[in-house]
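Owing to the predicted nature of the structure, the values given are computational and were not obtained by experimental measurement. A note on names: the letters A, B, ... follow the listed sequences, proteins ahead of strands, and every chain is numbered from 1.
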2 protein chains.
Amino acid sequence: MKNIENEIDGKELKSKTEWFVTHCRRAGLKVTPQRIAVYQELLKTNEHPSAEILYQKVKQIFPSISLDTVNRTLVTLSEIGAAFVVEGSGDAKRYDAGSDKHQHFKCIKCRRIIDFHHKPFDDIKIPAYINDKFKVLRKTVYIEGICDLCDK
Amino acid sequence: MKNIENEIDGKELKSKTEWFVTHCRRAGLKVTPQRIAVYQELLKTNEHPSAEILYQKVKQIFPSISLDTVNRTLVTLSEIGAAFVVEGSGDAKRYDAGSDKHQHFKCIKCRRIIDFHHKPFDDIKIPAYINDKFKVLRKTVYIEGICDLCDK
DNA sequence: TTGGCAAATAGGAGCAGCTACTATATAGTA
DNA sequence: TACTATATAGTAGCTGCTCCTATTTGCCAA
Ligand SMILES: [Mn+2]
Ligand SMILES: [Mn+2]
Ligand SMILES: [Zn+2]
Ligand SMILES: [Zn+2]
C-alpha cells in the first residue's frame with residue numbers, strides 16, 4: 001500500500017502554487033489573495049474539507065473573507081481542474097486538491113474520507129458500449145464502511 | 001450488455017411488494033399504505049427519483065401524503081435494505097430500489113442517472129489492507145460524463 | 001505610474017432540501 | 001372492539017449553498 005497520508009511540504013506547496021498562478025492566468029482568471037489562500041489550505045490537508053471548514057481556516061489568516069467567496073472559489077478550482085468534489089449524500093460537499101490518482105474510503109459514521117491508492121482501481125476498463133454511447137469524463141471507485149476509529 | 005432498462009411488470013411488482021410486506025413485519029415496522037405506495041413508485045421507475053419526484057407521483061394516488069413522510073419512508077427503506085441512495089453532489093438525494101447488481105452512469109449536464117451492468121465491476125477485489133483496517137460495507141463504481149441526449 | 005474597467009469580493013437575502021416538532025390518526029394486538 | 005405504540009400531516013426550523021448589489025481590486029494600456 002502506498003501511503004498517501006503524509007502532508008505536503010513547503011517546497012511542494014510553493015511549486016503547486018506557482019502552477020496554480022500560471023494556470024489561473026492562462027484561464028483568464030485573476031490571481032487574488034483569496035484564491036491563493038483557499039487553494040493552499042486545500043493543498044495542506046488530506047481531510048477533504050467542506051467549504052465551511054476551509055472558510056474557518058482561511059479566516060484565521062484572512063479575517064474578512066466571506067463564505068460565499070470560498071464557495072465560489074471552490075467551484076472555480078473545480079472548473080480549472082485544481083480541485084474536485086468528493087461525492088457525498090446529503091452532507092456538505094467535500095473537496096480534494098489531490099493530483100495523484102487515488103481512491104476513497106468513506107466512513108458512514110464519522111464521515112471521514114480516507115485516501116488510499118490501489119493500482120488495479122486505476123486500471124479498470126470501461127465497457128465499450130458505454131464509451132460508444134456516452135462521453136466519459138471520469139470513473140470513480142470508492143468503498144464505504146465503518147472506519148477503525150468508529151468500530152469499537 | 002445486459003439491458004436493465006425495461007420496466008417492472010405487474011407480476012414482479014406484486015411479488016416484490018409481498019416481500020416488502022413480510023420484510024417490514026419482520027423488522028417490526030407497520031405496513032402502512034404510504035409505505036407501500038412510496039416503495040411501489042420507486043419500484044416502477046428506473047429514473048432514480050428524488051424524494052420530491054416520488055412525492056408528486058404518490059400524491060396523485062394518495063393526495064394527503066406529506067413530503068416529510070416520503071423522506072422518512074425513504075430513510076426507512078434504506079435502513080431495511082429495500083432501497084438505497086445513489087450518491088450525488090449538491091443536488092437532492094436520488095433513490096434506487098433495484099435489487100440486481102448494477103452500476104451507474106451519471107450525466108453531469110442533465111443529471112440523469114442511467115443503469116448499466118458490467119460484470120467485471122461486480123468482481124473488483126478490495127485490497128487486503130482496507131479489509132484489515134476497516135469494516136467494509138459497500139464498494140461502488142460509477143462513471144460520469146455527458147449522456148447521448150446532452151452531447152449534441 | 002497611473003487611470004480605467006472588467007472581474008472579484010463582502011455581506012446579506014433568498015432558496016432547496018431536508019429534519020425536528022407536535023397534535024392527530026391508525027396498524028397491530030389482546 | 002379497545003388499547004397503545006407507531007406513523008402521519010402540517011408546519012417550523014436548520015444547513016448548505018446560490019443569487020444579488022454595492023464596493024473593491026487585479027490587470028492592462030497609455
Ligand atoms: Mn482524496
Ligand atoms: Mn440504479
Ligand atoms: Zn469513522
Ligand atoms: Zn444528459
Side-chain angles (χ1 to χ4, degrees), chain A residues 17 20-39 41 48-80 82-95 111, chain B residues 17 20-39 41 48-80 82-95 111:
Chain A
T17 303
F20 177 67
V21 168
T22 57
H23 204 68
C24 278
R25 295 243 161 79
R26 209 167 291 162
L29 297 170
K30 289 181 181 176
V31 178
T32 64
Q34 290 92 337
R35 275 181 183 152
I36 302 279
V38 170
Y39 179 66
E41 283 306 322
H48 308 90
S50 64
E52 177 66 36
I53 298 284
L54 285 170
Y55 172 59
Q56 296 302 336
K57 286 187 179 177
V58 175
K59 222 159 81 154
Q60 288 172 22
I61 48 170
F62 215 104
S64 71
I65 197 167
S66 73
L67 177 57
D68 184 46
T69 294
V70 175
N71 269 304
R72 269 183 299 97
T73 301
L74 289 167
V75 170
T76 305
L77 296 189
S78 304
E79 282 167 358
I80 65 171
F84 61 92
V85 178
V86 183
E87 292 205 334
S89 283
D91 301 333
K93 284 177 189 165
R94 304 279 290 270
Y95 291 88
R111 296 288 172 183
Chain B
T17 303
F20 177 68
V21 168
T22 56
H23 204 68
C24 279
R25 295 242 161 80
R26 210 168 288 162
L29 297 170
K30 290 182 179 174
V31 178
T32 64
Q34 290 91 334
R35 275 180 183 154
I36 301 279
V38 171
Y39 179 64
E41 283 305 322
H48 309 89
S50 63
E52 177 65 36
I53 298 284
L54 285 169
Y55 171 60
Q56 297 301 338
K57 287 187 180 177
V58 176
K59 221 159 83 152
Q60 287 172 24
I61 49 170
F62 215 105
S64 71
I65 198 166
S66 73
L67 178 57
D68 183 46
T69 295
V70 175
N71 269 304
R72 268 184 299 98
T73 300
L74 289 168
V75 170
T76 306
L77 295 190
S78 304
E79 283 167 357
I80 66 171
F84 60 92
V85 177
V86 181
E87 292 205 336
S89 283
D91 301 332
K93 285 177 188 165
R94 304 277 290 268
Y95 292 88
R111 297 288 173 184

I need the [atom1]-[atom2] distance between [X] and [N], as an integer number of Å.
X     : N      : atom1 : atom2 : result
A/R35 : C/dA7  : CZ    : C1'   : 8 Å
B/E52 : C/dT19 : CD    : C1'   : 15 Å
A/K93 : D/dT15 : NZ    : C1'   : 14 Å
B/R25 : D/dT6  : CZ    : P     : 16 Å
A/F62 : C/dA8  : CZ    : C1'   : 11 Å
A/I53 : D/dC17 : CD1   : C1'   : 15 Å
A/L74 : C/dA8  : CG    : P     : 15 Å
B/N71 : D/dT8  : CG    : P     : 12 Å

Exercise for review: Provide the closest heavy-atom pair for A/A92 versus A/S50 in the form atom of the first, atom of the second, distance.
Suggested key: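 A/A92 and A/S50 have their closest heavy atoms at CB-CB, 4.0 Å.
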Practice item. Kindly give the heavy-atom pair with the smallest separation between B/R94 and B/R111, and that separation in Å. Key: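 In terms of heavy atoms, the two residues are closest at NH1-O, 2.9 Å.
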Check your understanding: To the nearest 0.5 Å, how far apart are OG1 in A/T73 and CG in A/L29?
Key ->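 Separation between the atoms: 10.0 Å.
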Touch class at under 4.0 angstrom, heavy-atom based, for [X] against every strand present:
X     : answer
A/R72 : base
A/P63 : nothing
B/L67 : nothing
A/I65 : sugar-phosphate
B/D68 : base

Review point. With no hydrogens and no angle check, do the side chains of B/Q60 and B/Q56 hold a donor and an acceptor under 3.5 Å apart?
Key: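 There is no such pair between these side chains.
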Review point. Taking atom types as modelled, is there a side-chain donor on B/T69 or B/R72 under 3.5 Å from an acceptor on the other?
Key: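 Indeed, the side chains of B/T69 and B/R72 share at least one donor-acceptor pair under 3.5 Å.
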Exercise for review: Take B/D91 and A/V70, find for each the nucleotide of DNA chain C with the closest heavy atom, and name the residue whose nucleotide sits nearer the 5' end.
Suggested key: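 Looking at DNA chain C, the more 5' nearest nucleotide goes with A/V70.
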Exercise for review: For B/K30 and for A/S66, locate the closest nucleotide of DNA chain C by heavy-atom distance; then report the residue assigned to the nucleotide nearer the 5' terminus.
Suggested key: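 Looking at the nearest nucleotide for each, A/S66 comes out on the 5' side.
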Tell me whether the side-chain N/O atoms of [X] come closer than 4.0 Å to OP1 or OP2 in [N].
X     : N      : answer
A/S64 : C/dT9  : no
A/T32 : C/dT9  : yes
A/T69 : C/dA10 : yes
A/Q34 : C/dA10 : yes

Point to revise | Relative orientation of the end axes in the helix from C/dT1-D/dA30 to C/dA30-D/dT1, expressed as an angle to the nearest 10° (five pairs per end) | key: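 Answer for the end axes of this duplex: 40°.
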**Study point:** Nearest to side-chain heavy atoms of B/T73, which nucleotide of D/dG16, D/dT8, C/dA10
**Key:**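 Selected nucleotide (nearest to the side chain): D/dT8.
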Point to revise | Side-chain heavy-atom pair B/V31, B/F20 within 4.5 angstrom cut-off | key: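 In short, these two side chains do not touch, never coming nearer than 4.5 Å.
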**Study point:** Minimum side-chain heavy-atom gap A/N71-A/L67 below 4.5 Å
**Key:**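 A/N71 reaches A/L67 side chain to side chain.
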Practice item. Please step through side-chain contact (heavy atoms from CB on, under 4.5 Å) for the pair A/L74 and A/V85, ending with a clear verdict. Key: CA-CA 9 Å; A/L74 289 167; A/V85 178; over 6 Å; no
